[in-house]
Amino acid sequence: MATPNSSLQSHDKQETVDESYQKTYKKFDEILPTLPKDKGWFSEHLVQYQGFWLKPRALLGALLINDHFTNPQPSDIILSTSPKCGSTWLRALMFAIINRNTYDFETHPLLTTNPHDLVPFFEGYMRRDGSYSGRVDSLPSPWFLSSHLPHSLLPKSLTSTCRFVYICRDPKDVFVSKWHFMNNVRPKELPPISFEEAFDLFSRGVSHYGPIWDHALGYWKASRESPETVMFVKYEDVKKETSVYVRKLADFLGVPFSANEEEEGIVEKIVRLCSFENLSNLEVNKTVKTTKVRPSVSNSDFFRKGQVGDWVNHLTPEMAQRLDQITKDKFQGSGLSFDLQET
Ligand code: PAP
């Protein structure tokens, strides 16, 4: 039986954009100038669409998905995250769980391929800038895709059919991670963005796919309404008990570990394979390697420290309090919280 993405590489090719997409491009061109804009973190501005700040390219991706993502299946899987919440890690863990009968651990694709190249970026896959215009609907089903899009911007046909895993993270650590990442990948001719300026943007929600709080709440509510189709996890919890979460993910994805697999230590092997220490030290992830899909981002940019609580080394107490207060205010009454005292 085909497993998600096991034949991805053969389909990962440049394609001519289908003419049926022209209507969506036209809609995008009409909507774009009407949207509120704010200065982006670097040269590209962000636009506010239905409450969320997006790069124009992500907006186009969202529109294309809404117009052209046809016939999703219950076996399709989408990993959703706000940026810097742990998508690289979860892509690796979920890919390894789902495809564990296809690959052995000695020659596993994760040893030679960055997780971002094994799990396509949904809205990024559907872009029209000429450099990369593959279409998700050309991939073989079942799909395993990753997305940063908020729940409310995805079509109902998809949110009511596919299975979602959502990972969130303490916004303080997300901000620190994002600030480092953005300065690494900025166009080299531009000066770095200051910590203070970035903090102001982030805490006002003017951040890619932000506000991060609204993003998390959308998936949180969906997971409470439909726990069998939306699994909501926190980076901090997965970090603390990775093997427990590997089992939970396998159960949720409908591929629980058998007694034999438990005896063979497959869970622990997956945990080790996908650990920050292992992945970040692989040649493929150490080298500064950009791809056609990510022309300004190196494989190594997805790995920094991989720790919980690194914010303490960067944020002033006032900054930390400000983000914690926003988190408390936004999540109030939702049942969602972070163990903010511990971090
Ligand atoms: P993305 O939004 O660009 O996909 P994402 O992978 O979600 O990035 O987040 C990157 C963070 O995950 C980095 O955190 P840091 O800056 O605080 O260090 C990165 O180091 C961390 N990360 C990457 N791989 C792993 C892993 N295998 N285990 C734990 N954390 C990881």
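Whatever order the structure lists them in is the order used to number ligands and atoms, beginning at 1.
- Annotation: side chain of D67 is in contact with side chain of K27 (closest heavy-atom distance under 4.5 Å).
- Every atom of ligand 1 is numbered from 1 in the order shown, and the set under 4.0 Å from a heavy atom of P83 is 2 (O).
- Nearest to atom 21 (C) of ligand 1 by heavy-atom distance, out of F303, F181, Y235, W179, is Y235.
- For K84 and F181, the positive end sits near the middle of the six-membered ring, less than 6.0 Å away and at most 45° from its axis.
- Judged by a 6.0 Å distance limit and a 45° cone about the ring axis, R224 is not positioned over the six-membered ring of F232.
- If you look at A92 next to ligand 1, there are no close heavy atoms at all, none under 4.0 Å.
- Comparing Y209, F121, F302 against atom 22 (N) of ligand 1, the shortest heavy-atom distance belongs to F302.
- Protein heavy atom in closest approach to atom 1 (P) of ligand 1: K84 NZ, 3.4 Å.
- Of the polar atoms of G86, at least one N or O is found under 3.5 Å from an N or O of ligand 1, judged by distance alone.
- In this structure, Y209 and H215 have perpendicular ring planes: the angle between them is above 60°, well past the 30° mark.
- Ion pairing of E268 with R272 is absent here, as no side-chain N (NZ or NE/NH1/NH2) approaches a carboxylate O to less than 4.0 Å.
- Between K305 and ligand 1, an N or O atom pair is found at a separation short of 3.5 Å.
- Heavy atoms from both the backbone and the side chain of S177 come within less than 4.0 Å of ligand 1.
- Every residue meeting the salt bridge (charged side-chain N to carboxylate O under 4.0 Å, His left out) condition with K330, not counting sequence neighbours, appears here in chain and number order: D214.
- Within the listing of ligand 1, atoms 2 (O) sit less than 4.0 angstrom from a heavy atom of H148.
- Closest protein heavy atom to atom 6 (O) of ligand 1: T88 OG1, 2.5 Å.
- Ligand 1 lies out of reach of H180, whose nearest heavy atom is not under 4.0 Å from it.
- In S146, neither the side chain nor the backbone holds a heavy atom less than 4.0 Å from any atom of ligand 1.
- Within ligand 1, the atoms closer than 4.0 Å to a non-hydrogen atom of H116 are 4 (O), numbered from 1 in the order shown.
- Among protein heavy atoms, atom 27 (N) of ligand 1 sits closest to C274 O, 2.9 Å.
- In this structure, K178 falls outside the shell of residues with a heavy atom less than 4.0 angstrom from ligand 1.
- Looking at D117 and N114, their side chains never bring a donor and an acceptor atom within 3.5 Å of each other.
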Just do the side-chain hydrogen bond (donor to acceptor under 3.5 Å, both in side chains) check on E277 and N281 with the steps written out, would you?
-> CA-CA 6 Å; E277 291 66 30; N281 282 307; over 6 Å; no

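- Not a single salt bridge (charged side-chain N to carboxylate O under 4.0 Å, His left out) links E225 to another residue, sequence neighbours left out.
- Protein heavy atom nearest atom 26 (C) of ligand 1, with residue, atom name and distance: W89 CG, 3.4 Å.
- Note: an N/O pair closer than 3.5 Å links G306 and ligand 1 by distance alone.
- In this comparison of R304, Q307, R169, the heavy atom closest to atom 12 (O) of ligand 1 sits on R169.
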Test salt bridge (charged side-chain N to carboxylate O under 4.0 Å, His left out) applied to R204 and D200, step by step:
CA-CA 6 Å; R204 287 193 292 113; D200 176 60; 3.3 Å; yes

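- Taking distance alone, with nitrogen or oxygen atoms compared against 3.5 Å, S87 approaches ligand 1 more closely than that limit.
- A donor atom on one side chain and an acceptor atom on the other are found under 3.5 Å apart for T107 and D104.
- A tilted orientation is assigned to the rings of H314 and F195, their planes being inclined by 30° to 60°.
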